[in-house]
Each structure stands twice: as structure tokens, then as C-alpha cells.
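Quantities reported herein were computed from a predicted structural model and do not represent experimental measurements. Sequence lines set the chain letters: A, B, ... in the order given, protein chains first and strands last, and positions in each chain run from 1.
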Amino acid sequence: MAPVTPRTAFPKVLIERDSDSEQSSSEEEEEKLDEEEEEEEVGVSTANEKTEKLELGSDANRKGKAPITISLKKVCKVCKKPGHEAGFKGAAYIDCPMKPCFLCKMPGHTTLTCPHRVSTEHGVVPAPRRKACKPLEYVFERQLRPSLPSIKPKYVIPDQVNCAVIRYHSRRITCLEFHPTKNNILLSGDKKGQLGVWDFGKVYEKVVYGNIHSCLVNNMRFNPTNDCMVYSASSDGTISCTDLETGISSSPLNLNPDGWQGPNTWKMLNGMDINSEKGLVLVADSFGFLHMVDIRSNNRSGDAILIHKKGKVVGIHCNPIQPDIFLTCGNDHFARIWDLRQIEAGSSLYDLKHTRVVNSAYFSPISGTKILTTSQDNRLRVWDSIFGNVDSPSREIVHSHDFNRHLTPFKAEWDPKDPSESLAVVGRYISENYNGAALHPIDFIDTSTGQLVAEVMDPNITTISPVNKLHPRDDILATGSSRSLFIWKPKEKSELVEEKDEQKIVVCGKAEKKRGKKNGNISDESDDEGFMSKSKKSKSKKTEWKLSRCTTKDNR
DNA sequence: AGCCAATGACACC
DNA sequence: TGGTGTCCCTTGGC
């Protein structure tokens, strides 16, 4: 224990505590005082609450310093007021009643009673439509749903983890991209700037390139004329063009040629897409400017154009049918539609207003006539036709995907295989109690109705999964959750239940380091146990994942 | 088990 | 308008 130094010059301190709480020894009190010495007042006491006040540091009081009150009563960690407590109670999170609903952001109720909340009572229950906030309709919806016969969903949902690389990256995963022709290759970018290439068909075949970027890889796109080459946009301000076979990369664009000159000049690249017709990489920076790179010459093309005035542009998407038409979104709370043939500052065709930052905006994958946006106001917005009135969205779908500075921003993405262009996938921030486990599912939403088609989860995945990508041809979902990657397949197609496939989970990180570069079985089971036991909130039955016999091979 | 750091949006002045 | 303080369900490491 650290020695407790007497604080003679410290002002008088009052400690309040609940009268029914346990008394601690004076030594402990002094420790607590030590920890909270900077706190002026923690918690507020009211007259009708029984509190016990302890006085410390009377020495200081004599010197005339103002008394400081420290309350040891239990207060809400959110609003700092007594009488209630926010936080996890087991696997269920109790909201602070003093704050607006964490889900829909409206005051007067909490997420537990929010009409937009996905019901936990019946497993997969459709999320109500926007208009279902009318109490009557909501009640009808809730009462009718469970009694309706279950209809076989028309969508094929990859709902079972087929294989995984645990702690594959050394920092959290920021983006994913499937190979355009090789069905089993998944690219992943992380916060550290590393680029992973994983053959999830062979599972053990994985490479991580660590020298391409120095920080966050925000977006990756394959060269449309050479699927060996991939472009990546990074917060280090560069576009890299990497040969996946060799890992050799070039930088056709570098917005920080003079290195770090402070935050006011450091440019970051977020949104990126490729206009395959013109052979142009479109990329936008954190100061709102659009830059272009010619694929043939691998050089800059034209000047930077201001497209979002208030800072960062986070997303760019070229229309699949008419690539000259492209969509951008950014920190200025707008998604904007542009025509590349007549582009200059302020020349956007349409401006789609949002109330918060727009994390992503995508044209529908086949016809390119719909738009899906994800905004930090916890709403997905759908425009059913860009030819109609685009002044307001056709639908707003309340969905939990809050901004958190420690998470990769959530982006709802279309299923590229859905001919009706209605299915979208997006991770969920808020957790639910699934048999005693607090899990964050990945949601499949019918954007034409707002209904939740499916929520997929696994008791072993206790971290939030903000990064999700649906395979362009196969019924496969790739998920980036923290540092791990998961491949989901539909239950009927998943072979994981079979004994031989116990080796489909590859553990990286510590376990790998301990083993050095040697291949073979992981002998140190405790590390694997470490991963399994990380799901401390999880009390439900683990899936048939068996980590103890997994084998890794690293071709680095 | 408990603390800490990393670090983006935004409200407020 | 720019500086600053605050922040609700994070995650991993020590």
C-alpha cells in the first residue's frame, strides 16, 4: 500500500455515505480521499435522505479553505444523481431515466420501453416501422406479431459462424472488402494501417501487410482492370496501390508530403470509390475536398474540389449504372449527389439533409436508383427513388448504431445479391440479453418496410461488430469485430458442426507469439481459454466452437 | 478486479 | 468562430 501522506494544507473534506452502506475503516477512507481529492463534489445529497457526514482534514479548515464535500452514496454514473443507477445489471443494461432514450433519442422513456426497440420476448421480431410510433399501432403490432404464423423468410441469412480468425489484427478492424473474382479472399484494414489478406476457404492462409499505411485504413477498392491491385485510403493522407501477391505498394496520392505539421494541416482520407468507366479513383479528405487519381497513369488528376464545407467527407459511392453520378456524405450532416461531368464547388445535384453526421451513403447495388444512409442520429434513411422527390427520405428506420469514438463508425450496406434491392446489413450498438449474455447482434433489415428480418449473433462474439460486408456472389457475411474476423454462412450451408471443422478457428496474437513461428497445435490452452472467458457477461451455452485443437499456419 | 488510455463529435461560451 | 470540456452499453492491457 502506498503511504498516506498527511495533507495539512488541504481544505476541510466532508464525506457523505448512505447510512445503510457498510462502514469502512478510517484507513480506507483516507485511501478514498486520496483518489477523489480533485473531485469537488461527487453526488448531491437531499434533505430527506439519510446520509452520514465524516469530516477530515480539520487542520486545513483552520486555515480557512472552503469545505469540500465527497459523497460515497451511490449515484448514477450517467447523470451523477442519486436514487437510481445506470449500467449493466447482469446482461441487461439499465438506462438513466434522466436522459433521452438511448435508442430513438426522444425524451420521456428509456430503451426498455422505447416503441422502436426490438422486442426480446419473441426472439426475432420485426422492428416497427417509422409510423409505428403511434401507440395504438404499436400495441397492435406487438400483439399480432407473435400469433402470426412464421413464414419462411425469402432472404437467405448467413446466421452461423463458419470460420474465424481471432485477434487477427493488432488493432480494431476498420474496413472489409471481398475479392472481386476469388470467392474465398477477404481483405481487411485496421486502425494501425495494416492490410490483411485472408483465404477463409483454407482458413490458415493469411497474410498481414504492415508497411502500407501508418494509421487507419478507411476504405479499400480493387482496380477494376487488374484484380491483383488494390487501392486503399488512409488517415495518413495517402492512397496506396498495393500488389496483393507481393505486398509492394506505391502511393499515387500523398496529402501530407511534409509530414506532421500539427492537426490543423494534417489531412486524412476517408471516403473512396472508383469510377471504372473513366478509370478514376475518387477520394475525399478530412477538410472536405475531393481528389482524383488516374488509374492508368497512377497519378493525380485535376485539382481538389471542395464538396463538403464543414470538414470530413466520410463516404463516396459511384452509381453502379451511371458511374459519373456519385454520392458523398460527411460531417456537415449532408449526403450529396454529384455529376462528375460538371463538378465544381457547390455544384451538387441534390443535398440530402440529416440531423447528424452521415456515416455512409450508398446507391442500391443493381439499379442504383435507391439510396441508403446511416446517420449518427440512430436512423437509417431510405430514398426509394432518386428520380422522385428527394427532399425527404421515403423512410427513417430507428436503429441503434450510435457514434462512439472507440468504435469504427457503423455503416448499413445493401445486400448486393438481393434482386429486390431491399435487404441491408448493419451491426447493432445496443446489447440485448440473450439467455443471460449481453450480445450485440448484426441486423438484417428490410429497408422497404423497416422490418428486422434477422438478427445474427454468437455467444462467443461479445464485442460490437460495426464492420460488416456481404459477399457479392455467395451467401456469406464477413464481420469485423474488434480485432477479429468472422465468416458467417447460412445454417444449412455451414459445415462447422462437423467434427473435422473444429480446426476452422484460428487464434492469433499472444498464443501465436508464444509458439513463435512454429506451426502445429496450440499447446497453451490457457490463452484460448482466455479468449473464451473474456465473455464474462455471457452465461449462455457456447457454440460448438472448439478452440483447443485449432491449428495455425502463417505464411509471413 | 479495477484503472487507464486511445480519441471524435458536439455543445457551450 | 475557435477553444475547451464532456461524454450512455468500448476494448485491451497492465
Looking at [options], which one has an atom nearest to any side-chain atom of [X]?
| X | options | answer |
| --- | --- | --- |
| A:Gln376 | C:dT10, C:dC8, B:dA9 | B:dA9 |
| A:Arg483 | B:dA9, C:dT11, C:dG12 | C:dG12 |
| A:Tyr93 | C:dC8, B:dT7, B:dA9 | C:dC8 |
| A:Leu407 | C:dT11, B:dA9, B:dT7 | C:dT11 |
| A:Lys312 | B:dA11, C:dT10, B:dG8 | B:dG8 |
| A:Phe403 | C:dC8, C:dT10, B:dG8 | B:dG8 |

Those residues that, when tested against [X], pass salt bridge (charged side-chain N to carboxylate O under 4.0 Å, His left out) (two or more places apart):
| X | result |
| --- | --- |
| A:Asp273 | A:Arg221 |
| A:Asp446 | none |
| A:Asp159 | none |
| A:Lys469 | A:Glu177, A:Glu413 |

Problem - Residues which pass ring-ring contact (aromatic ring centres under 6.0 Å, His included) with A:Tyr93, listed by chain and number, not counting sequence neighbours - result: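 Once residues adjacent in sequence are excluded, the partners of A:Tyr93 under the ring-ring contact (aromatic ring centres under 6.0 Å, His included) criterion are A:Phe88.
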Problem - Interatomic distance at C1', B:dA11 relative to C:dC9, whole Å - result: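 Pairwise C1' distance, B:dA11 against C:dC9, rounds to 22 Å.
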Exercise for the section: Look at the side-chain N and O atoms of A:Ser482 and state whether any lies under 4.0 Å from the OP1 or OP2 oxygen of C:dG12. Expected result: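 It does, given that an N or O in the side chain of A:Ser482 lies less than 4.0 Å from OP1 or OP2 of C:dG12.
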Problem - Pairwise 5' ranking along DNA chain B for A:Val314 and A:His406, keeping only the more 5' one - result: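 Here A:His406 is the residue nearer the 5' end.
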Handout entry: Sugar-phosphate, base or nothing in reach of A:Asn331, heavy atoms under 4.0 Å
Key =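 Sugar-phosphate, backbone atoms only, no base.
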What does the list of N/O pairs under 3.5 Å between the protein and nucleotides 2-6 of chain C look like, with a distance for each?
none

